[in-house]
*Asks:* 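Below: one structure in structure tokens.
Because the structure is a prediction, the values reported are computed rather than measured.
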Amino acid sequence: MSFAAYKMMHCPTGIENCASGFITHSRADVVPQISPIQTDDLDSEWPARREMGPIPNLIVTAANVLEVYIVRVQEEVRREPKGNVEPKRGGLMDGVAGASLELACHYRLHGNIETMEVLSVGGAEASRKRDSITLTFKDAKISVLEYDDSIHGLRISSLHCFEGPEWLHLKRGREQFARGPLVKVDPQGRCGGVLVYDLQMIILKATQAGSGLVGEDDALGSGGAVAARIESSYMMTLRDLDMRHVKDFTFVHGYIEPVMVILHERELTWAGCVSWKHHTCMISALSISTTLKQHPLIWSAANLPHDAYKLLAVPSPIGGVLVFGANTIHYHSQSASCALALNSYAVSHDSSQEMPRSSFNVELDAAYATWLLSDVALLSTKTGELLLLTLVYDGRVVQRLDLSKSKASVLSSGITTIGNSLFFLASRLGDSMLVQFSCGSGVSMLSSNLKEEVGDIEGDAPSAKRLRRSPSDALQDMLSGEELSLFGSTPNKTESAQKTFSFAVRDSLINVGPLKDFSYGLRINADANATGIAKQSNYELVCCSGHGKNGSLCVLRQSVRPEVITEVELPGCKGIWTVYHKNTRSHNTDSSKLADDDDEYHAYLIISLEARTMVLETADLLSEVTESVDYYVQGKTLAAGNLFGRRRVIQVYERGARILDGSFMTQDVSFGASNSESSSGSENAVVSSVSIADPYVLLRMSDGSIRLLFGDPTTCTVSVTTPSFESSKISVCASSKKSVSACTLYHDKGPDPWLRKTRTDAWLSTGVGEAIDGTDGAVQDHGDIYCVVCYENGSLEMFDTPNFSCVFSVEKFMSGKSHLVDTLVEEVDGGSGELTNQGRKDNLQSMKVVELAMQRWSGQYSRPFLFGILSDGTILCYHAYFYEGSDGTTKVEDSASAQGPVGVNGTNASRLRNLRFLRVPLDIYAREEISSGSHSQRITIFKNIGGYQGFFLLGSRPAWVMELRERLRVHPQLCDGSIVAFTVLHNVNCNHGLIYVTSQGVLKICQLPSDSSYDNYWPVQKIPLKATPHQVTYYAEKNLYPLIVSVPVLKPLNQVISSLGDQDQQTENQNLGSDEQNRFYTIDEFEIRIMEPDKSGGPWQTKATIPMQSSENALTVRMVTLLNTETKENETLLAIGTAYVQGEDVAARGRVLLFSLGKITDSSQPLVSEVYSKELKGAISALASLQGHLLIASGPKIILHKWTGSELNGIAFFDAPPLHAVSLNIVKNFILIGDIHTSIYFLNWKEQGAQLSLLAKDFGSLDCFATEFLIDGSTLSLMVSDDQKNIQIFYYAPKMSESWKGQKLLSRAEFHVGAHVTKFLRLQMLSTASSDRTGTGPSSDKTNRFALLFGTLDGSIGCIAPVDEITFRRLQSLQKKLVDSVPHVAGLNPKAFRQFRSNGKAHRPGPDSIVDCELLCHYEMLRLEEQLEIAHQVGTTRSQILSNLIDLSIGTSFL
């Protein structure tokens, strides 16, 4: 019996839903939009510039991933900027220089999000309240989430589930439903509606603001803002209202009670009877009374076209609803209606009256829409065009609809307006975009005079109301309605005609989906001699992704492979540092000094060897200057850096430090015994770790004490002090006798130091005032420096540097709590009970924090990260956030006085009481046990390597951690094995590059590859094709990628009809009207492109194309190795299988084509020459080479051919019930066929009798997507994925009785992936050291183990890896424990999510033999005590579990 683990390696990126709302802040907070520099330009430009107003959050979902973004807007900067700000994407518009998305929170849910809406709060309190996110999941689950400031994340506010036996009657006996639940909310936030099971409407009643006055004030006073909540829910059956086929519904604006408009079809029609039964849809408006639970019909409109599919509510003051059909747009309100025909297929209900036509033809099926202004909607069509729909409104009724073309854009899956000048285009097929728009006519509302008048009524800036699409109350609508009717209709017509919009793309989110197929090939800079894990870094995944004009090749590489500029042998290296030095450095003005800082070249490279130090000059050439400088070169260096604004260099060695000005020493400091406790042992204490933050240097000595070198900027000298921890008698680790296990300095840089905001007395000392107090002008933008210390017992404290008063302390930092709160603030319930009994406590005693780092990278809104490495190799990562507690002040005073009168007013007053830290998961498997000896620093922070910032993690499995959009992206670097030293280098020959030294003693000077984008789960390079890629294969000898692409081409209708091939239709062709003959129709034209990767990493070249015939589709392309029976030699050929698509009247045909790829001698272009082509019956949908023969699936036949060098001759066939083979896989002489409808077939080829024989098949019906063999040692299993997003593993066991004498394949495992798996790739797993150590079985079993890498239509990549039984049992019992002990986002159950979905078909459940690493990865995020407790309950140890998980990670690090 074989077991497997499912692991997601690259999360989904194709965005399916997007919405905007005030989630992390309310409308009244202006937090996300502090303009960087506001000079007096606001008054001068007030009339012309359009104010942004408060900007809501953007919420996006991709399969099971939920992300909330903050939109950061950068206004135009008038003064000379600090530093060189590179111009933002998109140029200037409306005084805005740029806008970008910053991640607020990211969750991976145990369930795919079907639909999402934002529940907002209406009424008078709206500006102070926040919105909530409503998510729906199949079949009928609804979760309402709100943002909680205190935990800096989302929490559940209510859950509603209508599944299970007590709700079975809602299905009315049906098992299959075309779509999941659909949620919509009332624009004023009074209620929401969810359509489940096609005909059941769930009404969610929101809690009404102002219902309990006292409670309202309490909640607001307690610091946390109140978000919209759901009070109760009830059910209404639409069938009782005589609705049978509901297509869409929405809530409309401008009524006193919520009004729901439902689009439904009274009786269905179909293509055959559309000519006489075409207006079958209608809309009904119901007034929803949530208190009485009644829903009377107030108006309706019938005779809408049968292809109407979507409703869009028109905002106030107009009101009403737009109905979108494929060929028409209708507007309906209670009093008026009008329509617009979009093309010649549009017919009015009674063909007497003529519908107004739009000026151009367009088809509007599958469009998405949002409102830019209250009367202009933006539509995104299925071809990616943006259209503007204007409602021409005269104050009483909508007179007509105007449609105009705008720019072309990405093929979208959703669109939402963010605030009043941005919108977001979500896409599953391409990159999603954040776009700023500007209304060009200067008339931003309906008429310019209206603006002032409405402004007066609102008593607010005119922009604030335009942002919110919901009216504050009904009165507002009436007033603005009155105003409008006074102006009459003539000026409006002219104005709507001149409304022009300009757009600027501001930001984009990378998407690699949908992955239709991929191929595994060598990288350009592959290293042929690499072995083991480093060899994996030679490969890349070339994926077919996107569609139509968004089609592209995505080159994915899991690991980073730097481009080497030069390398030298350098054995025994311990560390490297680069330092700056300028002789002419003077006190020139700050701004220009800062501007040069980033581009200043490094001056010296200091290399520490075991017993000496080398110094190199980093000018044009690296030349050694060790003899001619005053650096300490007799022993190893521990650290080097710059002090005093880069005017001096400090070099720290074991017994002292030197201050140098360039190459001359200005001061030498030696560390003797510390003054305070001069015990016998402390004389021989040496420095063991160093942290430099100008002008301080913090040293940790080997005896656990710390020293501070305190610099004086005026004289450029330092003095040594031993800090005394007077401060924290309150916290547990009060005594200074505690030895320090790790410490670091954190420089909170100006001009706006972040931590200063979190002080208790932040309102007393505004940042500016404090900054000017500095000794001289240079200190002005230095910010504050803090010292972060971790003690042997695992607690952490932060100190102010010069006077060492404790400002923040945490008791058990080591245990990795999910949130860190200052001990004084921590609530009474915060203290965690001691879970562990004595036996497991000893396990904790040996663990300690061995390294700390704290860093805030550049970026206006960036917040600091805190990193800690434990002695067992665990890396803790925390992100700081600001939370102002409700009644924190009193609590602090109480706790302080309770402890005794220790500096109640002195030290306490300036604690960072509002500082909190949130633990962030790092997908890192670089855990290393620290030996009892000294720990070398592993974290090296970099500010600019190739334009990226983050840190590099040294060790045996090094990794890059890049900080992008306030999130950490982890990219391992496998190519050189273990790395012992790393530093940045910026000089003439190496622009913003890096130097690292491998454990083999090779020093490499490199640059980061610039062609990849690192703001993704894996580094990705996108090569646009402007066509849809379908399948790709790899030709290793010449490093070529042949791929199938299809380009949509417009053709006249008469050409299309004639190509369908039947002679009888030629006569009909003459009967077409002249306008119909000129009608164009889109046809996909196929070709094979042969692409070659560019050597320098640029765009790929197309080396050759092979066009297909007209109406011929290429279905499969493969490189095959065939044995030429004449010459007895193997030939590698390109095989292509095609099919003619000519309608249902023509018998299916297809061609098989063989091409040879060879190089001509005189030119380097590979020559593609056709060797063979043959037409066969049936579509040729799959090809494979089987032991030198060619196996072809043509229609229902599987035929094996031999190759004579000039033609293919059939030698065996298998005539089976397969309808259409979607995949063929071959191992030795075994064949696996996946069929589009009848599951999988397992065949065997026997050379002797030349026969293909069926061994076994799966008797169930299954719509296969992809198949592959799974090999675990000597066990062969068959893997298949299906259209219900499941995977199943089958096996062949003829001796088992239930296999019906071997005819039936038996189920080994089944699992719900939650995404359509389109391709499996079999890759050999790496043998890991620990599995060899345990020696569980014969080693051959371990080596012959293959995992399956798979790609999905959501853009996610995962793998299924075989595991041995003992590991499986251990992880499975851990998984069962974690279902209950981990709090799951949105209340979803991981066990339910992973159950096989059969969509109502009979299915016998198979064994549960796959563990889910998506759930297991939560184990490391638990507190250390809980980890030990759970491991104990499971009957194993924490280290055993972690080593199993790491082995799995290493074994599957394929790229």
*Asks:* Between Q1284 and S1398, is any pair of side-chain heavy atoms under 4.5 Å apart?
*Replies:*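 No, their side chains stay 4.5 Å or more apart.
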
*Asks:* Looking at H110 versus F1393, is the centre-to-centre ring distance below 6.0 Å?
*Replies:* no

*Asks:* Between L1349 and M9, is the side chain to side chain contact (heavy atoms under 4.5 Å, CB included) condition met? List the steps.
*Replies:* CA-CA 9 Å; L1349 194 72; M9 302 162 93; 3.7 Å; yes

*Asks:* Taking the side chain as everything from C-beta on, heavy atoms only, tell me whether L109 gets closer than 4.5 Å to L135.
*Replies:* yes

*Asks:* Check this for me: does any side-chain nitrogen of one of E146 and R130 sit under 4.0 Å from a carboxylate oxygen of the other?
*Replies:* no

*Asks:* First locate atom CG of L1374, then atom CD1 of I1441, and finally report the distance between them rounded to the nearest 0.5 Å.
*Replies:*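 Going from the CG atom of L1374 to the CD1 atom of I1441 covers 4.5 Å.
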
*Asks:* For the atom pair CG (D1263) and CG (D1282), what is the distance rounded to the nearest 0.5 Å?
*Replies:*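 That separation rounds to 7.5 Å.
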
*Asks:* Less than 4.5 Å apart, side chain to side chain, heavy atoms only: is that true for N1389 and H1384?
*Replies:*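 N1389 vs H1384: side chains apart.
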
*Asks:* Taking the inter-plane angle between the rings of F1350 and F1320 on a 0 to 90° scale, is it parallel (under 30°), tilted (30 to 60°) or perpendicular (over 60°)?
*Replies:*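 Correct class here is perpendicular.
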
*Asks:* Should N1016 and H10 count as side-chain neighbours, where that means a heavy-atom distance under 4.5 Å?
*Replies:* yes

*Asks:* Taking everything shown except K1391 itself, do over 12 heavy atoms lie less than 6.0 Å from its NZ?
*Replies:*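 Check fails, neighbour count at 12 or below.
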
*Asks:* Spell out, as yes or no, whether a donor-acceptor pair under 3.5 Å connects the side chain of S413 to the backbone of L429.
*Replies:*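 Here the side-chain-to-backbone pair does not exist.
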
*Asks:* How far does OH of Y147 sit from NE2 of H152, to the nearest 0.5 angstrom?
*Replies:* 3.5 Å

*Asks:* Does Q1372 reach the main-chain N or O of D1408 with its side chain, forming a donor-acceptor pair under 3.5 Å?
*Replies:*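 Yes: the side chain of Q1372 pairs with the backbone of D1408.
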
*Asks:* Looking only at heavy atoms, what is the nearest atom pair of Y1017 and C11, with distance?
*Replies:* CZ-CB, 3.3 Å

*Asks:* Distance-only, no hydrogens or angles: does the N1286 side chain make a donor-acceptor pair with backbone N or O of H1312 under 3.5 Å?
*Replies:* no

*Asks:* So C1413 and L1448, side chain to side chain contact (heavy atoms under 4.5 Å, CB included) or not? Walk me through it.
*Replies:* CA-CA 10 Å; C1413 291; L1448 199 61; 3.4 Å; yes

*Asks:* Between N1444 and Q1440, is any pair of side-chain heavy atoms under 4.5 Å apart?
*Replies:* yes

*Asks:* Is there a side-chain contact between S158 and H160 in this structure, where contact means two heavy atoms from C-beta onward sitting under 4.5 Å apart?
*Replies:* yes

*Asks:* Identify the heavy atoms of V1363 and D1272 that sit nearest to each other, and give their distance.
*Replies:*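 It is O-OD2, 4.4 Å.
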
*Asks:* Please report the C-alpha distance between F1265 and K1285 in whole Å, then the side-chain angles of each, then the deciding distance to 0.1 Å, and finally whether the side chain to side chain contact (heavy atoms under 4.5 Å, CB included) criterion is met.
*Replies:* CA-CA 9 Å; F1265 266 48; K1285 307 185 180 181; over 6 Å; no

*Asks:* Rounded to the nearest 0.5 Å, how far apart are CD of E175 and CG of N1399?
*Replies:*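 The distance works out to 8.5 Å.
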
*Asks:* Counting distance only, does the side-chain N/O of N112 pair as donor-acceptor with the main-chain N or O of G1314 below 3.5 Å?
*Replies:* yes

*Asks:* So does D1412 get a backbone contact from the side chain of Q1375, meaning a donor-acceptor N/O pair under 3.5 Å?
*Replies:* yes

*Asks:* Short question: side chain of E1298, backbone of L1306 - any donor-acceptor pair under 3.5 Å?
*Replies:*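 No; judged by distance alone, with no hydrogens or angles, the pair does not exist.
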
*Asks:* Going by an N to O cut-off under 4.0 Å, is there a salt bridge joining E16 and R428?
*Replies:* yes

*Asks:* For G1406 and S1307, work out which heavy atoms get closest and say how close.
*Replies:* CA-OG, 3.9 Å

*Asks:* Can you tell me how far CG of L1445 sits from CZ of R1370, rounded to the nearest 0.5 angstrom?
*Replies:* 10.0 Å

*Asks:* Where does the angle between the aromatic ring planes of W167 and F162 fall among parallel (under 30°), tilted (30 to 60°) and perpendicular (over 60°)?
*Replies:*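 The arrangement is perpendicular - the two ring planes meet at more than 60°.
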
*Asks:* Would you call D1364 and R1345 a salt bridge, taking side-chain N to carboxylate O under 4.0 Å as the test?
*Replies:* yes

*Asks:* For the pair H1403 and F1396, name the ring-plane relationship: parallel under 30°, tilted 30 to 60°, perpendicular over 60°.
*Replies:* parallel

*Asks:* Check whether S132 reaches the backbone of V144 with its side chain - one donor and one acceptor, N or O, closer than 3.5 Å.
*Replies:*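 The answer is no, because no donor-acceptor pair under 3.5 Å joins these two groups.
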
*Asks:* With distance as the sole criterion, is a donor-acceptor pair present between the side chains of T874 and R1438 under 3.5 Å?
*Replies:* yes

*Asks:* What distance do D131 atom CG and E117 atom CD have between them, rounded to the nearest 0.5 Å?
*Replies:*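 Rounded to the nearest 0.5 Å, the CG-CD separation comes out at 11.5 Å.
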
*Asks:* With no hydrogens and no angle check, is any side-chain donor or acceptor of Y107 less than 3.5 Å from a backbone partner on L154?
*Replies:* yes

*Asks:* Take atom NZ in K205; do more than 12 heavy atoms of anything else shown fall under 6.0 Å from it?
*Replies:*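 Counting neighbours around NZ of K205, more than 12 heavy atoms of other residues, nucleotides or ligands fall under 6.0 Å, so yes.
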
*Asks:* Which heavy-atom pair separates R919 from L1422 by the least distance, and what is that distance?
*Replies:* NH1-O, 3.9 Å

*Asks:* Does R967 have any salt bridge (charged side-chain N to carboxylate O under 4.0 Å, His left out) partners at least two apart in sequence or in another chain, and if so, which?
*Replies:* E67

*Asks:* Please identify each residue that fulfils side chain to side chain donor-acceptor pair (under 3.5 Å) with E1414, with sequence neighbours left out.
*Replies:* R108

*Asks:* I want to check something: taking the side chain as every heavy atom from C-beta on, are T134 and V194 in contact at a cut-off of under 4.5 Å?
*Replies:* no

*Asks:* Answer yes or no on whether R1308 is positioned over the face of F1290, meaning its NZ or CZ is under 6.0 Å from the six-membered ring centre and within 45° of the axis.
*Replies:* no

*Asks:* Using every non-hydrogen atom in the two residues, find where S427 and L411 come nearest and quote the distance to one decimal.
*Replies:*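 Residues S427 and L411, closest heavy atoms: OG-O, 2.7 Å.
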
*Asks:* Flag the pair P1405 / Q1395 as yes when at least one side-chain heavy-atom distance between them is below 4.5 Å, and no otherwise.
*Replies:* no

*Asks:* Among residues at least two apart in sequence or on other chains, which ones pass salt bridge (charged side-chain N to carboxylate O under 4.0 Å, His left out) with K184?
*Replies:*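 Partners of K184 by the salt bridge (charged side-chain N to carboxylate O under 4.0 Å, His left out) criterion, ordered by chain and then number, come out as D248.
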
*Asks:* Ignoring hydrogens, what is the shortest heavy-atom contact between I1410 and A5? Give both atom names and the distance.
*Replies:* CG2-C, 4.2 Å

*Asks:* Examine distances only and state if a side-chain atom of Y520 and a backbone atom of F1454 form a donor-acceptor pair shorter than 3.5 Å.
*Replies:* yes

*Asks:* Run the side chain to side chain contact (heavy atoms under 4.5 Å, CB included) test on C543 and L556 for me, step by step, so that the C-alpha distance in whole Å, both residues' side-chain angles and the decisive distance to 0.1 Å come before the verdict.
*Replies:* CA-CA 8 Å; C543 311; L556 287 162; 3.7 Å; yes

*Asks:* Is there a donor-acceptor contact under 3.5 Å from the side chain of S1281 to the main chain of H1316?
*Replies:*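 Checked: no pair found.
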
